[in-house]
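Atoms within each ligand, like the ligands themselves, are counted from 1 in listed order. Predicted, not measured: the structure shown is a model, and the values here were computed from it.
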Amino acid sequence: MSIVKVEKLKKVFGEKSNQITVLNDVSFEINEGEFVSLMGASGSGKSTLLYLIGGLDKPTEGKVLIDDKDINLLKEKDMAKLRRKDIGFVFQFYNLVQNLTVEENIMLPVVMDGKKEKDYKERLDKILKIIGLEDKRKNLPNELSGGQQQRVSIARAIILSPKLLLADEPIGNLDSKSGDDIMKLFKKINKDEKITILQVTHSADAAKYGNRLINLKDGKII
Ligand code: ADP
Ligand code: MG
């Protein structure tokens, strides 16, 4: 069963005289439960593709279907809900709130979604255990290493059990040991939490943690 379907996607930036076509007729599917790695040179449109799939930007032409629904036909309210609940995002630079503790950062989506924090106590404990930071729950982000901060951002991305996790160069800022640990964590989340993952990566080693590789070149899948 496909969870992501991209159909003839095209993205053009800029006005008439200085237009650039970043994605040109891109089509592929991701099935539920997959862990897909997306590679391509810098500037090849990887982030753009991820943002289109996550509903953070709109295509010039073509469609993105999540669970067989064209996300660009959703009302703004339903689109916001999709981004908040069904899709988790992880970025290269963690994007943690510096004056909130580890557990407060992880619980942000719960609070933003208007849910009761106490209903998520067990989920929080479980996730802290998965990311191996139970002893750091009261710490602030700047008291953690880069790898630990990225684990917190992953925890925040999965607290509401999204169907899909989108990660944009999640280990781009980490040393290779920390990067490997993050890849193992993704693998575990993919398997145990049954969350489908699409990661953008520069590293062939990191890409191997996925079950499939998609290559982007000159706006097309090769
Ligand atoms: P990658 O993530 O593969 O490095 P990006 O998707 O970030 O590539 O960018 C692909 C191309 O699109 C680049 O040439 C970039 O300059 C251009 N681009 C990305 N976002 C915008 C934007 N908002 N406006 C204009 N050009 C953009
Ligand atoms: Mg990018």
Counting heavy atoms only, name the option from Leu38, Ile20, Val200 that's nearest to atom 14 (O) of ligand 1. Ile20

Is it true that Lys184 and Asp180 have a side-chain N and a carboxylate O under 4.0 angstrom from each other? no

Can you name the atoms of ligand 1, numbered from 1 with element, that are less than 4.0 Å from a heavy atom of Thr48? 5 (P), 6 (O), 9 (O)

N/O/S atom of Ser42 under 2.8 Å from the Mg ion (ligand 2), yes or no? no

When you compare the side chains of Ser178 and Asp175, does any donor N or O come within less than 3.5 Å of an acceptor on the partner? yes

In terms of atom number and element, which parts of ligand 1 are under 4.0 angstrom from non-hydrogen atoms of Ala41? 3 (O)

Looking only at non-hydrogen atoms, the one of Gly43, Ser47, Gly219 nearest atom 4 (O) of ligand 1 is Gly43

For Ser42, the ligand 1 atoms with a heavy-atom partner under 4.0 Å come out as 4 (O)

Indicate, as side chain, backbone, both or neither, the part of Val22 found under 4.0 angstrom from ligand 1 when only non-hydrogen atoms are considered. side chain

Please indicate, with yes or no, if any protein heavy atom is found under 4.0 Å from atom 21 (C) of ligand 1? yes

Are Asp168 and Lys46 within salt-bridge range, i.e. N to O under 4.0 Å? no

Using side-chain contact (heavy atoms from CB on, under 4.5 Å), reason through Val36 and Ile197 one step at a time and then give a plain yes or no. CA-CA 6 Å; Val36 175; Ile197 299 177; over 6 Å; no

Taking atom types as modelled and ignoring hydrogens, do the side chains of Gln92 and Asn173 form a donor-acceptor contact shorter than 3.5 angstrom? no

Kindly indicate whether atom 16 (O) of ligand 1 is approached by any protein heavy atom to under 4.0 angstrom. no

Would Gly45 count as a polar contact of ligand 1, with the cut-off being nitrogen or oxygen pairs under 3.5 Å? yes

